[in-house]
Number of protein chains: 2
Amino acid sequence: MAPKREAPRGALPKSELEIAKVVWELGEATVRQVLEALPVERELDFWTVQTYLRRLEAKGYLAKRRDGRNNVYSPAVRPTTVISETMDDFINRLFDGEALPLFQHLIRDRDLSDAEIDELQQTLNTLKADRKRGRSS
Amino acid sequence: MAPKREAPRGALPKSELEIAKVVWELGEATVRQVLEALPVERELDFWTVQTYLRRLEAKGYLAKRRDGRNNVYSPAVRPTTVISETMDDFINRLFDGEALPLFQHLIRDRDLSDAEIDELQQTLNTLKADRKRGRSS
DNA sequence: TATCATCACGTTCAAATGAACGTAAACGGA
DNA sequence: TCCGTTTACGTTCATTTGAACGTGATGATA
């Protein structure tokens with residue numbers, strides 16, 4: 001059965017993604033908790049954060065639970081899913097859906113440390129090995 | 001001397017990027033040429049394309065040259081620069097500026113062919129070798 | 001040289017997005 | 001139990017983005 005993407009859910013806008021990320025990190029959070037978890041230089045209003053959380057819930061990205069007088073928000077869609085969708089969108093837009101050119105650019109542009117390069121090679125080797133073995137799911 | 005990023009030029013919107021990419025591919029192009037270079041299923045108006053090209057010029061991404069009655073647009077900023085900026089913005093938004101997690105996600109999520117994996121490894125090896133040698137710009 | 005098609009430019013318009021508020025309800029401490 | 005504080009919800013507002021048009025100018029062709 002295909003993974004069946006519930007709804008296309010076109011890529012999240014900047015600000016909403018930013019807020020969603022905070023919720024992901026915290027696991028679940030109230031408006032105030034999100035506000036406090038934001039970097040200090042990012043001076044967002046309590047109300048603004050509230051707005052984004054509400055929108056995220058309306059779009060189906062977050063679930064809302066009541067805890068006393070507070071709303072507690074938590075992921076309704078797995079973060080990795082959202083990240084994948086966002087990356088897909090990005091790759092489609094910039095590289096016609098080809099991952100390879102993105103890699104090349106990335107490798108060349110970002111100053112990767114030697115350690116990071118090693119780590120990447122490691123990952124690739126592992127992936128390759130896994131491929132040879134079980135080629136399932 | 002530092003590369004000196006002229007203006008922050010916050011990441012291009014979807015549609016404008018789409019049009020800019022066409023210009024990059026063609027090297028330079030008139031409105032009509034861009035329109036015709038777009039995939040057929042993308043039914044954009046002549047006027048709409050014109051608008052985006054104009055905006056891109058206003059933002060400093062494209063240069064405009066007159067050829068008879070036509071405007072001919074060409075890159076005013078190197079495409080690779082724009083791509084880098086766009087990627088930076090994306091990585092900042094989604095991965096706090098860390099390239100590595102992006103790689104991991106990418107490697108795991110996109111179904112890379114064996115050949116692609118090989119190519120990546122090749123690239124990494126080359127990069128590593130180059131590093132050892134001249135470390136300057 | 002008159003005509004017709006094409007083009008540039010300014011302008012417009014709706015929807016999405018970033019950001020914020022006012023009010024009324026709910027809670028905890030005095 | 002009353003008061004001050006905090007929160008939710010609906011609502012609003014400006015800007016950006018996606019998309020398109022009308023008019024006047026321009027050039028090729030008859």
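Atom set for the values below is all heavy atoms of this structure, side chains included, hydrogens, waters and symmetry mates excluded.
Here D/dG10 presents its C1' atom at 14 Å from CD of A/Glu57, a figure rounded to the nearest Å. Rounded to whole Å, atom C1' of C/dG18 lies 13 Å from atom CZ of B/Arg93. One interatomic measurement links the two molecules: NZ of B/Lys64 to P of C/dC7, which rounds to 15 Å at whole-angstrom precision. In this structure, the CG atom of A/Asn70 is 10 Å from the C1' atom of C/dC27, given to the nearest Å. In this structure, B/Asp67 atom CG and C/dA8 atom P are separated by 10 Å, rounded to whole Å. Straight-line distance from the CG atom of A/Leu17 to the P atom of C/dA16: 19 Å, rounded to whole Å. Taking atom CG of residue A/Leu62 and atom C1' of nucleotide D/dA8, one finds them 16 Å apart after rounding to whole Å. Going from atom CG of A/Leu53 over to atom P of D/dA8 covers 9 Å, rounded to whole Å.
Taking every heavy atom of residues 26-36 of chain A and every atom of DNA chain D, pairs under 4.0 Å involve A/Val31, A/Arg32, by number.
Test B/Lys59, B/Lys21, B/Arg54 against B/Glu16 for salt bridge (charged side-chain N to carboxylate O under 4.0 Å, His left out) and you get one pass: B/Lys59. Of the residues B/Leu38, B/Leu12, B/Val34, the one that meets the side chain to side chain contact (heavy atoms under 4.5 Å, CB included) test with B/Glu18 is B/Leu38.
Comment: A/Arg108 does not engage B/Asp130 in a salt bridge, judged by the lack of any side-chain N to carboxylate O separation of less than 4.0 angstrom.
Using modelled atom types and a 3.5 Å distance limit, the side chains of A/Asp45 and A/Gln50 yield no donor-acceptor pair. Side-chain polar atoms of B/Asn71 and B/Arg65 form no donor-acceptor pair below 3.5 angstrom.
Residues B/Val22 and B/Ala37 come closest through the heavy atom pair CG1-CB, 3.6 Å. Annotation for A/Glu28 and A/Val72: closest pair CD-CG1, 3.7 Å, computed over non-hydrogen atoms. Here the closest heavy-atom approach between residue B/Leu106 and residue A/Phe103 is recorded as CB-CZ, 3.6 Å. The two residues A/Asn92 and A/Gly97 have their closest heavy-atom pair at OD1-CA, 3.3 Å.
Other residues, nucleotides and ligands contribute only 12 or fewer heavy atoms inside 6.0 Å of the CZ atom of A/Arg78.
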Distances under 3.5 Å between nitrogen or oxygen atoms of protein and nucleotides 26-30 of chain D:
{"residue": "D/dG27", "atom": "O4'", "partner": "B/Arg69", "partner atom": "NH1", "Å": "3.2"}

With sugar-phosphate taken as primed atoms, P, OP1 and OP2 and all else as base, the protein-contact string of nucleotides 11-23 of chain D at under 4.0 Å (heavy atoms; B, S, -) is B-----SBBBBB-

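In this pair, B/His105 and B/Phe95 present their aromatic rings tilted. The plane angle is within the 30 to 60° band.
A close approach under 4.0 Å does occur between a side-chain nitrogen or oxygen of A/Asn71 and OP1 or OP2 of D/dC9.
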